[in-house]
Amino acid sequence: MANFYSTQRVVPNILLTGTPGTGKSTLGQELAQQLEFVYVNVGDVAKEKELYEGWDQDYECPILDEDRVIDELEEDMKTGGKVVDYHSCEFFPERWFDLVYVLRTDNSVLFHRLEQRGYSGRKLEDNIQCEIFQTILEEASNSYLPSIVRELPSNTPDDMEENISTIEDHIRQWKASKR
Ligand code: DAT
């Protein structure tokens, strides 16, 4: 069943989530351009507005202030037409999203991408484990209606093309279901 906010929207909001390096920002920017949607990289928004609440000693990175991120984006999310990119998904309000995609990448491909990005040691291992254990898929499945959560393979440029047409199909179905 569609949530209240979803019934108010004439175009859907899309969430792209998955382990770092699976290709969320590559797909998200291309998709937003083709659909004429707005691309929202939550990590970049947090950085720009300094939406942090401390420092993670283990990972040597700032800790996201989730409540402030929600306050920052809430108004924009009501209207639809957003492609949101973040490597976690459980803290977003369920009402924000009509379509949720979890990008998946084979371990050897992901390992290479993260190495290229300069990840090493524990940071590299933890991210590979995150993908092996399907952590983000489980998180998405526990946070959103099963009917809107889908996995997308994200290993090759052909996968990306295929994913764009798959998502376009889903948007058409979403619009048709509202008529
Ligand atoms: P994320 O935003 O999930 O961290 P990214 O979009 O920055 O990931 O992509 C990580 C790297 O992988 C980057 O060098 C681009 C490449 N990449 C992304 N999607 C791909 C695909 N479908 N095929 C081949 N390479 C891809």
Side-chain angles (χ1 to χ4, degrees), residues 12-49 51-52 56 58-64 66 69-70 72-73 76-77 81-92 96-144 148-171:
N13 281 329
I14 296 170
L15 173 63
L16 299 180
T17 189
T19 307
T22 49
K24 301 177 296 295
S25 67
T26 307
L27 175 65
Q29 289 173 72
E30 185 62 31
L31 191 65
Q33 197 182 357
Q34 293 198 21
L35 297 172
E36 298 187 352
F37 277 31
V38 176
Y39 171 69
V40 180
N41 183 313
V42 173
D44 288 351
V45 173
K47 199 171 177 182
E48 196 186 317
K49 309 261 175 181
L51 306 176
Y52 299 126
D56 186 322
D58 289 341
Y59 288 97
E60 298 191 331
C61 66
I63 300 166
L64 197 72
E66 298 174 348
V69 168
I70 292 168
E72 179 67 33
L73 298 175
D76 279 353
M77 297 305 292
K82 310 292 183 299
V83 178
V84 174
D85 161 354
Y86 198 57
H87 59 262
S88 168
C89 60
E90 65 192 348
F91 72 91
F92 298 124
W96 279 8
F97 299 110
D98 306 293
L99 300 167
V100 175
Y101 297 97
V102 183
L103 270 58
R104 304 301 311 277
T105 301
D106 294 344
N107 299 328
S108 54
V109 176
L110 186 63
F111 192 92
H112 180 69
R113 286 185 193 167
L114 292 176
E115 252 188 346
Q116 294 282 100
R117 190 180 270 188
Y119 285 20
S120 62
R122 183 168 165 202
K123 196 169 180 181
L124 178 57
E125 283 163 27
D126 283 359
N127 280 296
I128 296 296
Q129 286 223 354
C130 174
E131 190 59 9
I132 292 172
F133 290 119
Q134 312 195 122
T135 309
I136 311 299
L137 178 63
E138 201 168 302
E139 197 182 307
S141 304
N142 291 333
S143 308
Y144 301 93
I148 69 162
V149 178
R150 284 135 169 150
E151 277 182 87
L152 295 175
S154 181
N155 297 298
T156 65
D158 282 351
D159 285 342
M160 188 167 89
E161 292 308 313
E162 185 85 5
N163 290 337
I164 290 172
S165 54
T166 301
I167 293 172
E168 284 172 342
D169 278 348
H170 293 156
I171 293 173

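Just so you know, ligand 1 is whichever comes first in the structure, and atom 1 is the first atom listed for that ligand. Here, residue 1 is the first one in the sequence, and each next residue gets the next number. FYI, side chains are in, hydrogens and waters are out, and symmetry mates aren't considered; it's all heavy atoms of this structure.
- Contact between L64 and A46 at its shortest, heavy atoms only, is CD1-CB, 3.3 Å.
- Taking only nitrogen or oxygen atoms, main chain and side chain alike, L27 does not reach within less than 3.5 Å of ligand 1.
- Heavy atoms of T156 found under 4.0 angstrom from ligand 1 belong exclusively to the backbone.
- Not a single heavy atom of G18 sits closer than 4.0 Å to an atom of ligand 1.
- Of all protein heavy atoms, the one closest to atom 2 (O) of ligand 1 is S25 N, 2.9 Å.
- The nearest heavy-atom contact from the protein to atom 11 (C) of ligand 1 is R113 CD, 3.7 Å.
- In terms of modelled atom types and a separation under 3.5 Å, the side chain of D98 and the main chain of N13 share a donor-acceptor contact.
- Proximity to R117 (heavy-atom distance under 4.0 Å) selects the following atoms of ligand 1: 1 (P), 4 (O), 5 (P), 7 (O), 8 (O), 10 (C).
- The minimum heavy-atom distance linking K82 with F37 is given by the pair N-CD2, 3.9 Å.
- You'll find the side chain of M77 stays beyond 4.5 Å of the side chain of F92, heavy atoms only.
- You'll find the side chain of L35 reaches within 4.5 Å of the side chain of E168, heavy atoms only.
- Residue-to-ligand polar distances keep P20 apart from ligand 1: every N/O pair is separated by 3.5 Å or more.
- The single protein non-hydrogen atom nearest to atom 8 (O) of ligand 1 is G23 N, 3.0 Å, given as residue, atom name and distance.
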Inset, instruction - Determine, step by step, whether E125 and Q129 satisfy the side-chain hydrogen bond (donor to acceptor under 3.5 Å, both in side chains) criterion, reporting the C-alpha distance in whole Å, the side-chain angles of both residues, the deciding distance to 0.1 Å, and the verdict. - result: CA-CA 6 Å; E125 283 163 27; Q129 286 223 354; over 6 Å; no
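- For ligand 1, the polar-atom distance check against K24 finds a nitrogen or oxygen pair separated by under 3.5 Å.
- For ligand 1, the atoms lying closer than 4.0 Å to a non-hydrogen atom of N155 are 23 (N), 24 (C).
- Atom 15 (C) of ligand 1 has T26 OG1, 3.6 Å as its closest protein atom, hydrogens excluded (heavy atom only).
- Between the side chain of Q29 and the backbone N or O of S25 there is at least one donor-acceptor pair closer than 3.5 Å.
- No side-chain N or O of T105 forms a donor-acceptor pair with one of E131 less than 3.5 Å apart.
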